[in-house]
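See below for the structure under consideration.
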Amino acid sequence: VGGGEPSCPATPSFLDELKAKKKKKEEEAAVPVWVAPSAFVCFGSLTVMEADKVAEKEEAFPYLYLLSAVLAPLIFTGRQKQKVVSESIATIEAIIRDSSIDQGEQAVLNDVLAGVVVSMGGLTALTSIVDCNAYLYDHEKLPEALPTTASEISTYLGGRGVQREKFWAEKPVPVAPKEEEVPDKKKPAKKGKKGKPEPEPEPEPEPE
């Protein structure tokens, strides 16, 4: 009753809803599908990089989304619960390498993830845990096994380059097989009609 404004806002029309759904589908289709890397990719030091520079590295976004949640308890907080720290370190260890295979034969994806962990400051955070065994997280001393695990991961991340060079230096260098030289076959003499050989040219008469 009365000529005041309605108490509820007007709902969008059916046409507006269709346009919104269409726009959403177009935006989703514009997002490229992630593909596992076939070669090692380095994104630089992301911790000291300016925000607009990081925003330009769209190829790094899938790795940043994953590792931000994993590294946050180690990098961005001074006090954290033991369980959270332990789970973060265990996750890092699981995604950067396969401990059942040799150093030089790690998957490319694991190598890229290991590189991004370092570029995001993960190596520094792990080293701080190693150097501060008595460092308190949530008023609790870290278990002895945790700094040991952090030390192993730090050693792996810091020595990957040297270990890879050593690994591949011990491998035999593949040599491409030489192609065998095939001697040129002599062309058969041309034959005249009916398979008869062509007559030899008559010798020129000697001068008198």
Side-chain angles (χ1 to χ4, degrees), residues 32-51 53-172:
V33 178
W34 182 81
V35 180
S38 58
F40 181 76
V41 184
C42 180
F43 302 109
S45 183
L46 299 171
T47 53
V48 298
M49 197 176 295
E50 296 180 0
K53 296 294 182 182
V54 176
E56 295 175 359
K57 297 182 178 294
E58 295 184 3
E59 301 89 358
F61 289 176
Y63 308 101
L64 293 175
Y65 293 149
L66 169 64
L67 293 173
S68 294
V70 178
L71 293 173
L74 305 179
I75 299 176
F76 301 110
T77 57
R79 308 186 75 83
Q80 193 58 261
K81 294 190 177 185
Q82 283 187 18
K83 186 177 181 180
V84 178
V85 177
S86 300
E87 289 178 352
S88 295
I89 292 178
T91 304
I92 293 172
E93 184 179 23
I95 64 178
I96 64 172
R97 65 175 176 176
D98 183 353
S99 57
S100 65
I101 62 178
D102 292 333
Q103 162 75 281
E105 296 179 351
Q106 296 291 326
V108 176
L109 178 57
N110 295 115
D111 269 346
V112 175
L113 286 167
V116 178
V117 167
V118 176
S119 68
M120 293 180 67
L123 180 57
T124 305
L126 291 167
T127 306
S128 68
I129 293 177
V130 176
D131 293 339
C132 305
N133 192 2
Y135 188 82
L136 299 182
Y137 282 79
D138 194 33
H139 303 283
E140 297 175 320
K141 184 178 179 179
L142 293 176
E144 294 182 359
L146 201 59
T148 303
T149 305
S151 176
E152 292 176 356
I153 300 174
S154 301
T155 302
Y156 173 79
L157 292 173
R160 281 188 314 134
V162 175
Q163 293 297 327
R164 293 302 168 83
E165 290 181 359
K166 181 180 178 181
F167 177 87
W168 291 110
E170 296 173 354
K171 294 289 183 181

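- Taking Glu105 as the reference, Asp102, Phe167, Lys171 meet the side-chain contact (heavy atoms from CB on, under 4.5 Å) condition, with sequence neighbours excluded.
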Could you go through residues 90-98 and list every donor-acceptor pair under 3.5 Å that involves a side-chain atom there, pairing it with any protein atom two or more places apart or in another chain?
from	atom 1	to	atom 2	distance (Å)
Thr91	OG1	Glu87	O	2.7
Asp98	OD1	Ser100	N	3.1
Asp98	OD1	Ser100	OG	2.7
Asp98	OD2	Ser100	OG	3.3

Could you walk me through whether Leu113 and Leu66 pass the side-chain contact (heavy atoms from CB on, under 4.5 Å) test, one step at a time? CA-CA 10 Å; Leu113 286 167; Leu66 169 64; 4.1 Å; yes
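- Across every non-hydrogen atom of Ser68 and Met120, the tightest pair is OG-CE, 3.7 Å.
- Across Leu71 and Gly122, no two heavy atoms sit closer than the pair CD2-CA, 4.0 Å.
- Contact detail for Pro73 and Ser88: the closest heavy-atom pair is CG-OG, 3.3 Å.
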Please step through side-chain contact (heavy atoms from CB on, under 4.5 Å) for the pair Ser154 and Leu123, ending with a clear verdict. CA-CA 6 Å; Ser154 301; Leu123 180 57; 3.9 Å; yes
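- For Ser86, the side-chain contact (heavy atoms from CB on, under 4.5 Å) test picks out Leu146, with sequence neighbours left out.
- Atom OG1 of Thr124 sits about 11.5 Å away from atom CG of Leu74, to the nearest 0.5 Å.
- In this structure, Ile129 and Ala150 approach most closely via the heavy-atom pair CG2-CB, 4.2 Å.
- With sequence neighbours excluded, the residues satisfying side-chain contact (heavy atoms from CB on, under 4.5 Å) with Lys57 are Phe43, Leu46, Met49, Ala60.
- For Tyr156, the ring-ring contact (aromatic ring centres under 6.0 Å, His included) test picks out no residue, with sequence neighbours left out.
- Remark: Ile89 CD1 to Glu152 CD distance equals 11.0 Å, nearest 0.5 Å.
- Contact check for Val70 versus Val117: no side-chain heavy atoms found under the 4.5 Å cut-off.
- Of the inter-residue distances, the one linking Thr127 atom OG1 with Ile153 atom CD1 reads 11.0 Å to the nearest 0.5 angstrom.
- For Pro37, the side-chain contact (heavy atoms from CB on, under 4.5 Å) partners are Trp34, Tyr63, Val108, Leu109, Val112, not counting sequence neighbours.
- For the pair Thr148/Ser151, no side-chain contact is recorded, criterion being any heavy-atom separation below 4.5 Å from C-beta on.
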